[in-house]
Protein chains: 2
Amino acid sequence: MQDKITRILKAIADPTRREIFHALVVASTALPITQISNLFDISRQGVTKHIKTLEEAGLIHISNKGRERFCYANAEPLMEVNKWLKFYEKFWDNAIGNLESYLDDKA
Amino acid sequence: MQDKITRILKAIADPTRREIFHALVVASTALPITQISNLFDISRQGVTKHIKTLEEAGLIHISNKGRERFCYANAEPLMEVNKWLKFYEKFWDNAIGNLESYLDDKA
DNA sequence: TATATTTGCAACCATGTAGTTGCGTATTAA
DNA sequence: TTAATACGCAACTACATGGTTGCAAATATA
């Protein structure tokens, strides 16, 4: 597709994918695809597609075991988003932002 | 479209929109649309569409002045993303994450 | 007043995407 | 060995999206 941060942001920009990711994070154990898809209204194939997108963003890892594919969440790529956000942090509250950039200038 | 966080995430998921937003943030002054579009290879109308998306996400504010529309960046909606990320922070480094959730349990 | 500039609106195109169904295959259970 | 389960692949549909061009309206300048 495109660059890393874009892949990650596109992955989490979809509400269903955020839900799938969240379900896996809180499960804190690996879940096979069918079991994940049972948690949602959409078809297994629909869920599979979302999982593929999440996997390409690095937010899910998969390990095969027999006929099942166990998915588990990996939040690490979200660091990338956090890093991107970090720069704008000083701007989202102008008062604090102006103070900080003032201090940055002094430092 | 859909809910707030989704609008924001979709807005920043596009690399061109991230660039436009960034240009406005660092400009630290309001810029009319034509001037913004001169910074990019795509047409003015293409930029206008991106600006509309950014505005709907709250990341840009616009004030009309004569025939010109001055756009300025507003990073505040990114707080929403930061808040969403916050929950997963404890998971993206497992070692620290496990320690923190251990401490959370104790608290 | 005539002309140039800034913009919005609408139509259009190509591609991406969220979702579906159908089918074949590998693995497990009876 | 037969039946059930978990899955991938492919085709298809509907709609969203990133981008374009053309044109008309409002404002500013000559």
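Keep in mind the model is a prediction, meaning the values are calculated, not measured.
- Rounded to whole angstrom, the span from the CG atom of B/Leu9 across to the P atom of D/dT17 amounts to 14 Å.
- Atom CD1 of A/Ile42 is separated from atom P of D/dT13 by 20 Å (rounded to the nearest Å).
- Each of A/Val47, A/Ile12, A/Leu59, A/Leu54 was checked for a side-chain contact (heavy atoms from CB on, under 4.5 Å) with A/Arg17, and the lone residue meeting it is A/Leu54.
- The shortest distance between the side-chain N/O atoms of A/Ser43 and the OP1/OP2 oxygens of C/dG19 is not below 4.0 Å.
- Interatomic distance, A/Trp84 CH2 to A/Leu9 CG, rounded to the nearest 0.5 Å: 7.0 Å.
- In this structure, B/Glu55 does not pair ionically with B/Lys52, as no charged nitrogen and carboxylate oxygen lie closer than 4.0 Å.
- B/Lys52 has its NZ atom 10 Å from the P atom of C/dG8, to the nearest Å.
- Aromatic rings of A/His50 and A/Phe21 (six-membered ring for Trp) have centroids beyond the 6.0 Å cut-off, not under it.
- Taking atom CD1 on B/Ile51 and atom P on D/dG19, their separation rounds to 13 Å, with Å as the unit.
- Heavy-atom contacts from other residues, nucleotides or ligands closer than 6.0 Å to CG of B/Asn38 number more than 12.
- Legend: salt bridge (Lys or Arg N to Asp or Glu O under 4.0 Å) pairs involving residues 70-85 of chain B, not counting sequence neighbours, sorted by first then second residue: B/Lys4-B/Glu80, B/Glu80-B/Lys83.
- Checking the phosphate oxygens (OP1, OP2) of D/dT17, no side-chain nitrogen or oxygen of B/His50 falls inside 4.0 Å.
- For the pair B/Gln2 CD and C/dA18 C1', the computed distance is 12 Å after rounding to whole Å.
- Residues from residues 12-38 of chain A that place a heavy atom under 4.0 Å from any atom of DNA chain D, listed by number: A/Pro32, A/Ile33, A/Thr34.
- The pair B/Lys65-B/Glu68 does not meet the salt-bridge criterion, since no charged nitrogen lies less than 4.0 angstrom from a carboxylate oxygen.
- A/Phe40 places its CZ atom 13 Å from the P atom of C/dT20, with the value rounded to the nearest Å.
- Within a 6.0 Å radius of CG in A/Asn64, other residues, nucleotides and ligands contribute more than 12 heavy atoms.
- Judged by distance alone, the side chains of A/Arg7 and A/Thr53 never bring a donor and an acceptor atom under 3.5 Å apart.
- If you measure from atom CG of A/Asn64 to atom P of C/dT25, you get 19 Å, rounded to the nearest angstrom.
- The separation between B/Gln45 atom CD and C/dT7 atom C1' is 8 Å, rounded to whole Å.
- Closest contact between the side chain of B/Lys49 and the listed nucleotides C/dG8, C/dA11, C/dT21 involves C/dA11.
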Quick tally for nucleotides 24-30 of chain D: nucleotides whose base has a protein heavy atom under 4.0 Å get B, sugar-phosphate-only ones S, the rest -, giving ---BS--

